Amino acid sequence: MLDIKFIREFPDLVRDAIAKKHLTVNLDELLALDSSIATKKRETEDFQAEANRVAKEIPKASPETRPELIQRGKDAKASLTTLEPELRELEAQLKTLMFQVPQIPWDGAPVGADETSNLETLKVGSPRVFDFVPLDHVALLEKNRWAETERVARIAGTRSYSLRGDLALLEMSVLRFAVDFMVQRGFELITVPSYAREEAFYAHGQFPSARDQVFAVEGEDRFLAGTAEVLLNSLHSGELLEETDLPKLYVSISPCFRAEAGAAGKDTRGLTRVHQFNKVEQYVLAPADKNKSDELFETMLGNSRAILEALELPYRLLETSTGDMGTGKYRMVDVESWVVSEGRYRETHSCSALHDWQARRANLRYRDSSGKPRFCFTLNNTALATPRILVMLLENHQNADGTVNIPAVLQPYMNKKVLEPSK
RNA sequence: GGAGGGUUGGCCGAGCGGUUGAAGGCGACAGUCUUGAAAACUGUAGUAGGGGAAACCUUACCGGGGGUUCGAAUCCCUCACCCUCCGCCA
């Protein structure tokens with residue numbers, strides 16, 4: 001959500017952002033609604049003032065003048081009973097539109113409709129040259145009996161995964177490694193539920209636009225979160241934090257649920273795209289300072305890069321285009337890691353800065369040094385997500401005999417150097 | 001699931017139909033005192049809108065939403081959350 005005052009003052013900037021992000025938001029309607037609300041509000045407030053005035057006089061009034069005053073109060077109220085619902089209706093309409101207005105993307109973002117306009121900015125490490133024919137991760141799973149794909153699919157449906165033996169342990173190890181890594185970098189570990197009320201999804205920005213990506217709990221106002229960010233973003237809703245509390249650096253780990261609507265036929269095999277996965281998430285609540293936000297963005301991106309480097313995986317950075325970054329975002333950099341079997345990089349991390357767009361929705365405020373309440377800036381980034389990262393770990397670190405080497409940083413968690421087949 | 005009690009400003013807490021945007025305390029800020037700090041004393045200060053050059057005027061907000069009334073923090077309905085007891089349970 002943007003500040004309505006900002007939209008009034010710079011409608012062209014907003015119009016430009018809508019175009020760059022390839023959205024269809026009726027800004028003219030929004031502005032028209034805004035001005036008719038102003039008019040109606042003034043009218044309503046006049047009657048409210050009259051009603052207040054009368055109500056104040058009545059206790060002091062003589063018995064003779066009282067009936068007349070009460071009648072005036074009744075008249076004012078009668079006008080209000082028609083005006084107030086009209087005003088409420090207009091405000092509801094405005095709110096609907098306000099929820100759709102995007103954050104202004106930064107100047108450096110490539111302008112384009114979708115991911116084809118994303119710009120590769122850095123490549124780290126180079127894809128391994130094999131002296132044998134490498135297997136894809138699904139073949140490695142089968143060969144080593146590390147998964148229970150078919151049986152579990154019968155019970156839970158498609159896009160479900162289940163790991164066995166050393167690979168199940170590796171999943172826990174790599175998650176724990178990522179948590180430890182983030183804690184070492186000064187982030188506080190906080191665990192959160194994987195579900196939340198509708199309100200939190202609006203605050204996060206996923207609702208209303210991407211509602212179809214979210215699983216709903218039947219008969220309840222509860223939805224399964226696709227990321228811990230949904231919960232973290234509402235953690236301080238309604239509070240008035242002190243500037244000295246900021247930035248708040250959180251790392252969280254949670255099961256994440258995604259409906260994957262519209263992805264039918266995509267990545268149907270293996271561990272790349274599943275309905276439930278685990279994610280270690282970085283989330284930062286920052287003061288409303290663009291430079292500070294930029295700085296934190298680099299820090300968070302650096303964390304993800306360091307994790308991938310520790311896992312000895314080649315990766316690249318993509319500066320996400322305006323059409324691909326998402327409505328609320330100021331800037332997004334995707335981190336993609338090398339998938340041997342596909343001969344390409346696939347997204348494993350996504351680093352975003354939203355400035356105050358989310359904070360306005362979630363009502364995240366702090367008192368700045370001058371004592372004035374301000375909306376915070378928010379940022380988030382993946383630290384690590386399984387099982388997708390296992391695809392990269394298996395394929396990149398495989399041996400000719402089908403075994404898989406464990407990266408040095410994970411060996412202490414596994415107490416071994418090579419993943420062994422299950423029986 | 002059943003039965004009660006609660007939710008008030010940055011925090012704690014009083015108020016339970018009209019003069020309460022809300023006592024009192026803490027914390028914050030400014031000043032007096034002090035070499036400085038503390039203590040003490042004095043003063044300032046809610047949030048979000050609208051109008052105005054300004055002084056200032058005005059509207060809404062006492063968990064969310066709705067209602068009763070000329071008038072609601074106070075009464076009613078509803079939802080959410082918290083606490084206590086009972087039942088069930090990892």
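Fair warning: this is a prediction, and the values are worked out from it, not measured in the lab. Protein chains get the first letters and strands the later ones, always in sequence-line order, with residue 1 at the start of each.
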Pairing partner of B:rA53 (Watson-Crick or G-U wobble, both distances under 3.5 Å): none

For atom CZ of A:R360 and atom C1' of B:rG49, their distance in whole Å: 14 Å

Paired nucleotide for B:rA48 [Watson-Crick or G-U wobble; both distances under 3.5 Å]: B:rU59

Atom pair distance, as rounded to whole Å: CG in A:D221 and P in B:rC81: 10 Å

Whole angstrom value for the distance that separates P of B:rA28 from CG of A:L240: 16 Å

Atom pair distance, as rounded to whole Å: CG in A:L87 and C1' in B:rG50: 12 Å

Euclidean distance, A:W146 CH2 relative to A:L170 CG, rounded to 0.5 Å: 8.5 Å

Identity of whatever pairs with B:rA90 - Watson-Crick or G-U, under 3.5 angstrom: none

Geometric class of the A:F207/A:Y202 ring pair [parallel <30°, tilted 30-60°, perpendicular >60°]: perpendicular

Any A:R197 side-chain nitrogen or oxygen under 4.0 Å from OP1 or OP2 of B:rC81: yes

Check against salt bridge (Lys or Arg N to Asp or Glu O under 4.0 Å), A:R211 and A:E198: CA-CA 10 Å; A:R211 201 177 178 119; A:E198 186 182 48; 2.8 Å; yes

A:E50 and A:R53 ion-paired at < 4.0 Å: yes

Ring geometry between A:F215 and A:F257 (parallel below 30°, tilted from 30 to 60°, perpendicular above 60°): perpendicular

Among B:rG66, B:rU47, B:rC70, the nucleotide that comes nearest once only the side chain of A:V54 is considered: B:rC70

Sugar-phosphate only, base, or nothing, as touched by A:R8 at under 4.0 Å among non-hydrogen atoms: sugar-phosphate

Sugar-phosphate only, base, or nothing, as touched by A:K56 at under 4.0 Å among non-hydrogen atoms: nothing

Of the listed nucleotides B:rA48, B:rG66, B:rU68, the one nearest the side chain of A:K77: B:rU68

Length of the CD1-C1' vector between A:I37 and B:rA48, whole Å: 15 Å

Pairing of A:E260 and A:R159 as salt bridge, 4.0 angstrom limit: no

Between B:rC16 and B:rC62 - C1' atom distance, rounded Å: 12 Å

Closest-nucleotide 5' rank along RNA chain B - winner of A:A51 and A:R222: A:A51

Pair partner, B:rG27 [Watson-Crick or wobble, under 3.5 Å]: none

A:S337 and A:T348: side chain donor to acceptor below 3.5 Å: yes

Sugar-phosphate only, base, or nothing, as touched by A:L69 at under 4.0 Å among non-hydrogen atoms: nothing

Rounded interatomic separation in angstrom, taking CZ from A:R66 and C1' from B:rG71: 11 Å

B:rA60 to B:rC79 separation - P atoms, rounded to the nearest Å: 28 Å

Electrostatic pair A:E298:A:R331 at N-O distance under 4.0 angstrom: yes

Sugar-phosphate only, base, or nothing, as touched by A:K5 at under 4.0 Å among non-hydrogen atoms: sugar-phosphate

C1' spacing across the pair B:rU84 / B:rG65, given as an integer number of angstrom: 27 Å

Nearest-Å distance once atom C1' is located in both B:rG4 and B:rA90: 28 Å

Sugar-phosphate only, base, or nothing, as touched by A:R72 at under 4.0 Å among non-hydrogen atoms: nothing

Protein-nucleotide distance (A:M98, atom CE; B:rA48, atom C1'), rounded to Å: 14 Å

A:Q71 versus A:D75, side-chain donor and acceptor atoms under 3.5 Å: yes

Protein-nucleotide distance (A:L246, atom CG; B:rG10, atom P), rounded to Å: 16 Å

What pairs of nitrogen or oxygen atoms, one from the protein and one from nucleotides 56-61 of chain B, lie under 3.5 Å apart?
from	atom 1	to	atom 2	distance (Å)
B:rU59	OP1	A:N52	ND2	3.1
B:rU59	O3'	A:Q48	OE1	3.3
B:rU59	O2'	A:Q48	OE1	2.8
B:rA60	OP2	A:N52	ND2	3.3

Counter-base of B:rG18, judged by Watson-Crick or G-U geometry with both distances under 3.5 Å: B:rC70

Side-chain N or O of A:R42 closer than 4.0 Å to phosphate OP1/OP2 of B:rG49: no

Residue matched to B:rG36 through Watson-Crick or wobble contacts both under 3.5 angstrom: none

Pair assignment for B:rA3, Watson-Crick or G-U wobble, requiring both distances under 3.5 Å: B:rU84

A:K41 side-chain N/O to B:rG50 phosphate OP1/OP2 under 4.0 Å: no

